[in-house]
Structures are given as C-alpha cells and as structure tokens.
Asker: 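I am attaching a structure below and will ask some questions about it afterwards.
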Amino acid sequence: MSQSKASVTDKKHETEELFKKKDKKKKSSFWKKVLVPQKRIPKKVSLTLSILSFVVIIILWCSITYGKIVGSMFVPTPGDTLKAMGTMFSNGFWSDIGITVYRVMAGFLIALVIAIPLGILVGAYSPLAAIFEPVFSFIRYMPASAFIPLFIFWIGIGESEKIAIIILGSLPQLVLMIANDIRNVEKSLIEVSYTLGTNTFDVLWKIILPKSLPDIMNTIRIVLGWAWTYVIVAEIVGASAGIGFSILQAQRTFQVDSIFVGILTLGIIGLIVDTLLTFLNKKIFAWNF
C-alpha cells in the first residue's frame, strides 16, 4: 500500500512538473513571438499599447499626487493642472502658443531651405563634404543657447533673435544628417545604374535622391523636435511672450501647475506635429514602409 501511494505521489509530481515545463515553454514562445527585432505588429495593437503607456503615466501621476507621496508645491495634481490650464487659456495663452509656433516654424523652414540642397550635395560629393562637413561638425557641438547673449547684442531681443537661435541650432544638424541619409543609399544601386548607362547627374536625381527621401523626411521630423528646445531657451532668456516666457513667469510666482501646463502644451503640440509628419511620410513614400 505504501509503495502504491508513493508511486501515485511520484506520478503527481511528474505531471505537475510537465505542466510547469509546458507553461514555461508557452511563456517563452509568447515572448519569442512578440520580441522579434524589427518585426511589425498590427496597427490596433500598436495604438492600444501607445494609449496604455499614457494611461500608466497618468495613473502614476495621480498616485504620487493624490496619495500625498509628493507635495503639491513640487508636483501638482492632474485636477489642479486642468484648472490652471483653463485659467491660462482664458487669459490669452493661445497667443503665446501662436507666437512660439511661429518662431519655431519660421526658423526651422529657413534652416530647411538651406540644409536640404547643401546636405544633398555634401552627402553626394566628397570634395564638398571635405569643405563643409568639418565646419558644420564644429558648429554642431556649440550649444545654441550659448549664442543667445551674442545674438541679443548683435540683433536685439526681437523676433529675429529667436529665429536666429533656431536656425543656428537646426541647420548643422540637418545638413549632417541629410548628408548621412544620402550616403546610406546602397552602393549596389549606384553601380547597377552606371552599368545600365546612367550618367552622374541622373544617378543623383533619379537613384540616390528618391531612395533617400523617406530617410530625409524622418530626419526633418527628428530635428524639428530639437528646434522646440531651442525656442524655449530663447524665450526664457529674452522675450515678452511665448510658451517659454509663460513658464518663466509661472516660476517667478511659484505657480508649479502653470509650469506643468506649459510643459504639457509643448508635449501635445510636438506629438501632434510628429504624428502628422509620420503620417505624411507613410503616405507620400508608401513603397518604403
């Protein structure tokens, strides 16, 4: 009897271990299927995960503020932030947003008009790369904010100074990154085009440029995000309007909720612009996705 009971218990342990092994295999196979490098997931799953990430952030925000883990003097509650948002928008915060958007877009578009042709030429032709690339690499490591005192001295504290800061911050990045996008075109495509009798001019405009345009569009999207940081720094130092100016005014009067409104507004605008540019990139260059 004791031997039979022992054999029964051994069989139970064996079956339990088998089930555990199967569960582990299922879990590992699930993660192996999900975490595959560069594997695309359905749009619905991607959208759901994106929304959940923001939901988690809001839950954490609520837990540390309403739970009194952090004092309201340092981090306001979502409710206080919404109240401050309503007050700021009713008092003309829309005009500050418009001014900041104008400064960013004006400076960035000027930089873009210069950077696109120059970046293409630098990326395609080695002599031009030898001339311009070291210069732009040198300027790239100079913080744009360090030039604010000089620009105020040279240009003044008007709109030109803020736009100049954005141009200085964006132009070197755009030129170097666009040049890199041009260089990333497969050499095999260029060699095949020469074999088929294409001349050097057509190789640039019919092979290299069309292939690199989706990457250039993505570069524009990334650098535009950096341009927002430059304008906020410029507005904090010498401005009488704009989102950065509003944040500075709120800091002087210890209105942390208003500071949060300014920061969140920047994030929302940036997310909208980034989503729009990503959508346009996929629509215009659908063959690349």
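Everything numeric here is computed off the predicted structure, so don't read it as measured data.
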Asker: Write down the atom of Ile165, the atom of Ala144, and the distance for their closest heavy-atom approach.
Answerer: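 The pair with the smallest heavy-atom distance is CD1-O, 3.6 Å.
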Asker: Is any side-chain heavy atom of Asp274 closer than 4.5 Å to one of Phe279?
Answerer: no
Asker: Is there a side-chain contact between Ile167 and Phe108, using heavy atoms and a 4.5 Å cut-off?
Answerer: no
Asker: Please examine the side chains of Pro78 and Tyr66, heavy atoms only from C-beta on, and report whether any two atoms are closer than 4.5 Å.
Answerer: yes
Asker: Anything under 30° is parallel, anything over 60° is perpendicular, the rest tilted; go ahead and classify Phe93 against Phe89.
Answerer: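 Plane angle over 60°, so perpendicular.
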Asker: Is it the case that the side chain of Asp80 and the backbone of Pro76 share a donor-acceptor pair, with hydrogens and angles ignored and the cut-off at 3.5 Å?
Answerer: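 No: the side chain of Asp80 does not pair with the backbone of Pro76.
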Asker: Tell me if a side-chain donor or acceptor on Thr100 pairs with a main-chain N or O of Gly242 at a distance below 3.5 Å.
Answerer: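 Checked: no pair found.
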Asker: So, for Trp228 and Val231, which heavy atoms are closest and what is the spacing to 0.1 Å?
Answerer: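 Closest pair (atom of Trp228, atom of Val231, distance): O-CG1, 3.1 Å.
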Asker: Check the side chains of Asn218 and Arg221 for a donor-acceptor pair under 3.5 angstrom, ignoring hydrogens and angles.
Answerer: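 Side chains of Arg221 and Asn218: pair found under 3.5 Å.
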Asker: State, with a plain yes or no, whether a side-chain heavy atom of Lys211 is found less than 4.5 Å away from one of Ile207.
Answerer: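 SC-SC contact between Lys211 and Ile207 ruled out.
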Asker: Using atom types as modelled and distance alone, determine if a side-chain donor or acceptor of Gln255 lies under 3.5 Å from a backbone N or O of Ala250.
Answerer: no
Asker: Output yes when a side-chain donor or acceptor of Ser160 lies under 3.5 Å from a complementary backbone atom of Gly156, and no otherwise.
Answerer: no
Asker: How about Asp215 and Ser212: does a side-chain donor come under 3.5 Å of a side-chain acceptor?
Answerer: no
Asker: Hey, are the side chains of Ile247 and Gln251 touching, using non-hydrogen atoms and a 4.5 Å cut-off?
Answerer: no
Asker: Are side-chain heavy atoms of Ser170 and Tyr230 found at a separation under 4.5 Å?
Answerer: yes
Asker: For Ile120, which of Ile208, Leu128, Leu209 qualifies under side-chain contact (heavy atoms from CB on, under 4.5 Å)?
Answerer: Leu209
Asker: For a quick test of reading the model, state the closest non-hydrogen atom pair linking Pro172 to Ile139 and the distance between them.
Answerer: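 Nearest heavy atoms, Pro172 then Ile139: CG-CG2, 3.7 Å.
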Asker: Does Thr87 offer a backbone N or O that forms a donor-acceptor pair with the side chain of Asn91 under 3.5 Å?
Answerer: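 Checked: pair present.
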Asker: Heavy atoms, side chains only, cut-off 4.5 Å: are Val223 and Trp226 in contact?
Answerer: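 Sidechains of Trp226 and Val223: in contact.
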Asker: Rounded to the nearest 0.5 Å, what separation is found between the CD1 atom of Ile220 and the CG atom of Leu280?
Answerer: 11.0 Å
Asker: Looking only at non-hydrogen atoms, find the nearest pair between Ile163 and Gly107 and report the distance.
Answerer: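 For Ile163 and Gly107, the tightest heavy-atom pair comes out as CG2-CA, 3.6 Å.
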Asker: Does the salt bridge (charged side-chain N to carboxylate O under 4.0 Å, His left out) test come out yes or no for Arg103 and Glu159, once each step is laid out?
Answerer: CA-CA 7 Å; Arg103 289 166 179 164; Glu159 295 301 311; 2.7 Å; yes
Asker: So, do Leu118 and Leu174 sit near enough that their side-chain heavy atoms are less than 4.5 Å apart?
Answerer: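 Side-chain contact under 4.5 Å: no.
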Asker: Ignoring hydrogens, what is the shortest heavy-atom contact between Arg183 and Gly123? Give both atom names and the distance.
Answerer: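 Closest heavy-atom pair between Arg183 and Gly123: CG-O, 3.5 Å.
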Asker: Apply the test side chain to side chain contact (heavy atoms under 4.5 Å, CB included) to residues Ile182 and Ile216: give CA-CA distance (whole Å), side-chain angles for both, the deciding distance (0.1 Å), then the verdict.
Answerer: CA-CA 8 Å; Ile182 294 293; Ile216 292 173; 4.2 Å; yes
Asker: Test question: given the 4.5 Å side-chain rule for I, L, V, M, F, W and Y, name all other residues clustered with Leu264, or answer none.
Answerer: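 Besides Leu264, the hydrophobic cluster comprises Trp61, Ile64, Ile69, Val70, Met73, Phe74, Val75, Val256, Phe260, listed by chain and residue number.
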Asker: Do Thr81 and Asp257 meet the criterion of a side-chain donor-acceptor pair at a distance under 3.5 Å?
Answerer: no
Asker: Would you check if the side chain of Ser63 reaches a backbone N or O of Leu60 as a donor-acceptor pair within less than 3.5 Å?
Answerer: yes
Asker: Are Met177 and Phe138 linked, directly or through intermediate hydrophobic residues, by side-chain heavy-atom contacts shorter than 4.5 Å (ILVMFWY only)?
Answerer: yes
Asker: Which atom names give the shortest non-hydrogen contact between Leu171 and Ala115, and what distance separates them?
Answerer: CD1-CB, 3.7 Å
